[in-house]
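The next block holds one structure in the form of structure tokens; read it before the comments.
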Amino acid sequence: MNYSSYIALIPLLPLASFILLGLFGRKYLKELSGIIGCTVLLISTVLSLYAAYNYFFIGGKVNGVYPTLTAVKYTWLQFLPSLAIDMGIILDPISVMMIVVVSFVSLMVHIYSLGYMKGEERFGTYYSFLSLFTFSMLGLVLASNIFQIYIFWELVGISSYLLIGFYYDRPSAVAASKKAFVVTRFADLGFLIGILILGFQAQTLDFNTLIQRLTDTQSPQLLAIASTSFLGVSLLTWALTLVFVGGAGKSAMFPLHIWLPDAMEGPTPVSALIHAATMVVAGVYLVARLFPVFHINGASLHVVTWVGAISAFLAAVIACTQTDIKRVLAYSTMSQIGYMMFSLGVSGWGGETGLGYTGSMFHLFTHAFFKSLLFLCAGAVIHIARSNEMKDMGGLRRFMPITHITFLIACLAIAGVPPFAGFFSKEEILFAAWQNNQVIYVIGLVTSGITAFYMFRLYFSIFWNKEKELYDFHGEGTFSMKLPLIILGIGTALVGFIPFSNFISADRKGLPSELHLTFSIVPVTFAIIGIFIAYSLYFKQSDRAQKLSDTLGGLYRSTYRKFYIDEIYLFVTRKIIFNLVGRPAAWIDRNIVDGTMNGIAWTTGKISVLIKGVQSGRVQSYALYFFGGIVVLVLIFLYLWK
Amino acid sequence: MNLSLLIILPLLTALAILPLKASKQVRVVSLVGASMQFILVFILLYFYWNERSSGNTSVMLFENNYPWYAPLHINYHVGVDGISVAMILLTAFVVLAGVLVSWNVEKLSKEFFFLLLLLSLGAYGFFISLDLFTLFFFLEVAVIPKFLLIGIWGSGRKEYSAMKLALMLMTGSALVFVGLLGLYFNTNDGNGQHTFDILQIAQMNIPVSIQKIFFPFAFVGFGIFGALFPFHTWVPDGHSSAPTAASMFLAGISMKLGGYGCLRVATFLMPEAAHQYSWIIIVLASIAILYGAFATMMQTDLKYINAYSSVSHCGFVLLGIGMLTKTAITGAVMQMVSHGLMTALFFASIGMIYDRTHTRQVAQLGGLLKIMPFISTVFVIAGLCSLGLPGFSGFVAEVTVFMGSWQHADNFYRIATIIACASIVVTAVYILRAVGKAIMGPLPLTAEGSPPHLWRGGEVDARWNEKWAAALLIVGIVMIGVAPFWLNDLVTPGTETMMKNIGKVVMLK
């Protein structure tokens, strides 16, 4: 198959749109910007679907496996003969799947924003940032070189910064954007060092060669990296763990998750795109991309598993107590990504043992649908209710039927109720966990119950509960806002039936998809229990929920305060970094280092004042010095001569 | 291509403005002169590439060699390799942008532009010199105008800063001079004659004991120009007091004279000593990088922020040189070019902000994006380049230095590299703090509810000259950031020549 003719257009079109809208959007294009953005992305989406069709159905398997194709490759920056950053496009099952997800969700968000952002002063700028983000994310998933992925990784980070801080005159938005960028930057430091170790040990930065050299048991590079150890841990484990730190930062895994809830300061469609469906799965994608290497290194895979499981559980618990609907969704995102992570962690390689990998990617795929749908619905709700707080909502089903139905579908999907999308993918994940690590399975199971609870807490509080009267109600929203909801709702209801495992598996061979119906009974029961508890507490206005939280007391409060993790970070940055590192550095520089320099200058000046009397111009004094000098010299010589 | 044109052109321009009376004429002539320099440099680049692609592999191109003062074997010897061409390109960009942003200098404008042109003359001369004495001569030509630019057109504690800068740079020059003389008197061209010629000295084997004495003089001397820790303290004061264009020249060009000198003179001519002392250089550079970044975090004045961050960024130049690998040195040169463009852009935008608000205190600013979108965008772009965002030049240069540094398998070098890498986080913190407070956020309002002292009548956002200056520098930054291969291809042959000398000491794997 020849992809090179059009594949590069998929990321480059949004780039072109970014440049065009960035330069002219604000002043000249204005309202037209949205149309341009949507059109460009529509083309990208169609091309992505076309590429996926070609890859999976026309090209298909070669010798029983889906091939890895390098469609485009240019040397961008050559460091050493063997080490260079290339700009390339890699096509394999996961990258092809990802371009479809990214472009499709982005298209939905573009369309939705036409209505949502209408009348915004910086409409053109908004669309140019969206295009930049889409470009970066597409470049990230298509990257053929580990440094290329880092480059786009950073670009994704900056797009997110720009979009979170879009309402730049709100101090909270500014703070949130800064926090997001700095926290992920900190994580990227780990990624960068990991790349340096991996690149130099494997003597290549190219993904294919790197994976091949570090997985072939005969290769000298693998021997070297696995046998070298630093602080008692093998270099390979270090490298992979550091790379994973980068991934954990971007995917908001514990303890680097603190930026994600704050990132909800951005416009809601942006939250749907970036902080739910696409950017935050970059970390999962990175681990999946390097999965063959992770697979041979059990220690780093354990780190992935546990970080994922802890994040999944912790975030779910926190989500139960939050009252801002976007924050609930943010924590649920973190929790679901935790699922994807630990699923990768418990995955093996081929056949049935590799189900974790498939499940993780499948969940990524389905999650993109229902989570973007949830956020877009939340956007519509916030639009109507003029508030993010649950207490300001209630009974909204009467006003917004489409939002209500689609939101319900998404809630059922995320709770894992059949036959909606989330059920299928979560079932695969839990099955994989059951087979490999039953502690993780239990965590996953309990978490899925909690998930069902907090999602339906949200659903009942918004759409049922007390009846709120809306006085200035002008309809549910424009057509451009409703259309994406409907499309995504249909998607959420149906994509679970895609025989995903046929296409994507760790060993690329594909495996027949089967449903373990008897196995599913327990998870579904947990979900239904969760929903039922939420129903009994929040369906009608009552004080039961309040009583419950009062009973829980301290536990409730610390969960509500997100276990004080933010406060700990604040303490470390404010008190330690600023006061104990930054301030002394600045002080030392002004007083010690510069003080020394000024001191030298001052001393020189004083000495010159002291000795300037010597140059008196009086001949008698000179004669005296002259004579005295000779006497001293003679004395020295006499002394030396002895 | 006659390289002397690079010196003659600024000289002629400077002379041409002398008889002029109206400041408008002075500006126009300076702008024409700077534009011609700009075009000339691109012609040079074209010829250079032509020569190289047609297979000319000689170390230096377009050489000219005339005896200047025969008894002391001082020659006017000029020539360029990729490294010099890169630095000359940088100079041309910064000079043109500097002239553009100085458009509204009314006070003694003739003298102002004269000094700017003189400074550019010194820089071009320095970068093309292949004779140590000539090189030193041009170095001095570039120092004097700075003192006057700060002392006369500066702000704040300008006399103190000007004096401090002049004294420290003069000390640097003195050290350099000792180093150069030390080299000179230990050369022997085969006939018992001494020489100042860089290419000839490079071929000689200066005894290691001699190198060990004079390397520190040359390196520290040039290092003072290049903000070598702990001799960097002139940087914050000097920059903050200087007028905008002088800040741009100072950080964009002058500090690069130091880095270039460290490379071309100290390291290239005394490679054994460079190896011996490399660990000290690496330690000092690592300190400068991280400590400079932390010190920046606490600054409250925009110019101080950029000045301290320059200390941190110039640390990368010295780190790259200290690592002594081909990739690291290439990275150091790229960082010089990148930092030069980026910091000039930064100072330009700070100057524009100060022009309109009359304050550089971050705490007093806010929400500038609302009232001056163009200038704010420029500031953000400079900031993003500074924090090493891919797509801008800073990323390319820093990554090249990291890669070159990581080539050493030893833990000492690895730790230094990790320290340098860690600075990218701190940089993000201080840049985003400044951006978040000054550019974003709400507009600070006075009691009457109007934006305070932010209006000086007329247009608030950038004027045509400022737009052009910013656009020019941004184009440079993006050209490197998006397509770094051309700069890499340009610089690499130059670093390979360097490596022939450095590598003959120890072959690095």
Side-chain angles (χ1 to χ4, degrees), chain A residues 26 74-80 83 85 122 125 147 150-155 157-158 161-162 165 168-171 173-175 177-179 181-182 185-186 188-189 192-193 196-197 199-200 230 573 577-578 581-590 592-598 600-601 604, chain B residues 163-164 167-168 229-234 236-237 291-299 308 326-327 330 367 369-370 373 384 387-391 395-396 399-400 402-404 406-407 409 411 417-418 421-422 424-426 428-429 432-433 435-437 439-443 483-485 488 492:
Chain A
R26 190 189 163 85
Y74 295 103
T75 304
W76 193 65
L77 185 56
Q78 189 91 37
F79 299 115
L80 293 163
L83 292 174
I85 303 184
R122 295 161 74 225
T125 315
F147 237 122
Y150 180 81
I151 288 173
F152 284 101
W153 192 267
E154 292 291 303
L155 289 178
I158 201 67
Y161 170 81
L162 294 171
Y168 63 89
D169 46 1
R170 292 185 197 163
V174 174
S177 61
K178 194 170 71 184
K179 186 173 179 182
F181 194 83
V182 171
R185 201 77 201 284
F186 176 72
D188 293 348
L189 173 63
L192 180 62
I193 297 169
L196 288 175
I197 300 177
F200 273 91
F230 180 68
T573 48
I577 306 281
F578 271 86
V581 182
R583 211 175 291 280
W587 188 85
I588 287 171
D589 198 72
R590 283 288 85 183
I592 311 263
V593 181
D594 194 36
T596 315
M597 294 299 155
N598 283 345
I600 293 170
T604 318
Chain B
M163 190 54 83
K164 184 172 192 168
L167 280 179
M168 289 192 74
F229 178 86
F231 307 107
H232 62 275
T233 60
W234 64 270
D237 291 321
Y291 159 98
F294 276 119
T296 315
M297 230 163 59
M298 304 313 298
Q299 302 305 317
Y308 269 103
K326 190 187 106 185
T327 314
T330 310
L369 189 55
K370 196 162 225 109
L384 295 182
L387 62 74
L389 187 76
F395 171 78
V396 172
V399 156
T400 313
F402 295 152
M403 292 296 278
W406 202 264
Q407 264 181 283
N411 275 346
T417 315
I418 291 176
C421 291
I424 64 169
V425 183
V426 189
V429 174
L432 296 188
R433 268 169 75 92
V435 169
K437 185 68 192 67
I439 303 299
M440 295 155 82
L443 269 172
F485 36 80
N488 196 32
T492 304

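Numbered from 1 within each chain, the chains take letters A, B, ... in sequence-line order.
The side-chain contact (heavy atoms from CB on, under 4.5 Å) test applied to B/Leu387 returns A/Phe181, A/Arg185, B/Leu384, B/Leu389, B/Thr427, B/Ala428, B/Ile431, B/Leu432, not counting sequence neighbours. Here A/Leu189 pairs with A/Ile193, B/Cys421, B/Ala422, B/Val425 under the side-chain contact (heavy atoms from CB on, under 4.5 Å) rule; sequence neighbours left out.
Contact tally against chain B (heavy-atom pairs below 4.5 Å) for A/Tyr150, A/Phe147, A/Tyr168: the top residue is A/Tyr168. Among B/Thr492, B/Thr330, B/Thr233, the residue making the largest number of heavy-atom pairs under 4.5 Å with chain A is B/Thr233. The candidate with the highest count of non-hydrogen atom pairs below 4.5 Å against chain A, out of B/Ile418, B/Thr296, B/Leu167, is B/Ile418. Most heavy-atom pairs under 4.5 Å with chain A, from the set B/Phe485, B/Phe229, B/Tyr291: that is B/Tyr291. Most heavy-atom pairs under 4.5 Å with chain A, from the set B/Val429, B/Ile424, B/Asn488, B/Leu369: that is B/Leu369.
In plain terms, the two heavy atoms of B/Thr400 and B/Thr327 that are nearest each other are CG2-O, 3.4 Å. Closest non-hydrogen pair, B/Met440 versus A/Gly165, comes out as CE-O, 3.7 Å. Here the shortest heavy-atom pairing between B/Pro484 and A/Leu77 reads CB-CD1, 4.0 Å. In terms of heavy-atom proximity, B/His232 sits nearest to B/Pro236 at O-CD, 3.4 Å. Taking every heavy atom of both residues into account, A/Val174 and B/Gly441 meet most closely at CG2-N, 3.7 Å.
Within a 6.0 Å sphere centred on CZ of A/Phe200, heavy atoms belonging to other residues, nucleotides or ligands number more than 12.
In this structure a side-chain-to-backbone donor-acceptor pair under 3.5 Å is missing from A/Asp188 to A/Glu154.
Proximity to chain B (any heavy atom under 4.5 Å) is shown, for A/Phe152, by neither the backbone nor the side chain. For A/Ile151, the parts lying near chain B are the backbone and the side chain together; criterion is any non-hydrogen pair under 4.5 Å. Both the backbone and the side chain of B/Phe231 come within less than 4.5 Å of a heavy atom in chain A. Both the backbone and the side chain of B/Val399 come within contact range of chain A, judged by heavy atoms closer than 4.5 Å. Contact of A/Thr75 with chain B is made through the backbone alone, with heavy-atom distances under 4.5 Å. Looking at B/Lys164, only its side chain comes within 4.5 Å of chain A, counting heavy atoms on both sides. At a 4.5 Å heavy-atom cutoff, the contact between A/Ile197 and chain B is made by backbone and side-chain atoms alike. With a threshold of 4.5 angstrom between heavy atoms, B/Met168 approaches chain A through side-chain atoms but not through N, CA, C or O.
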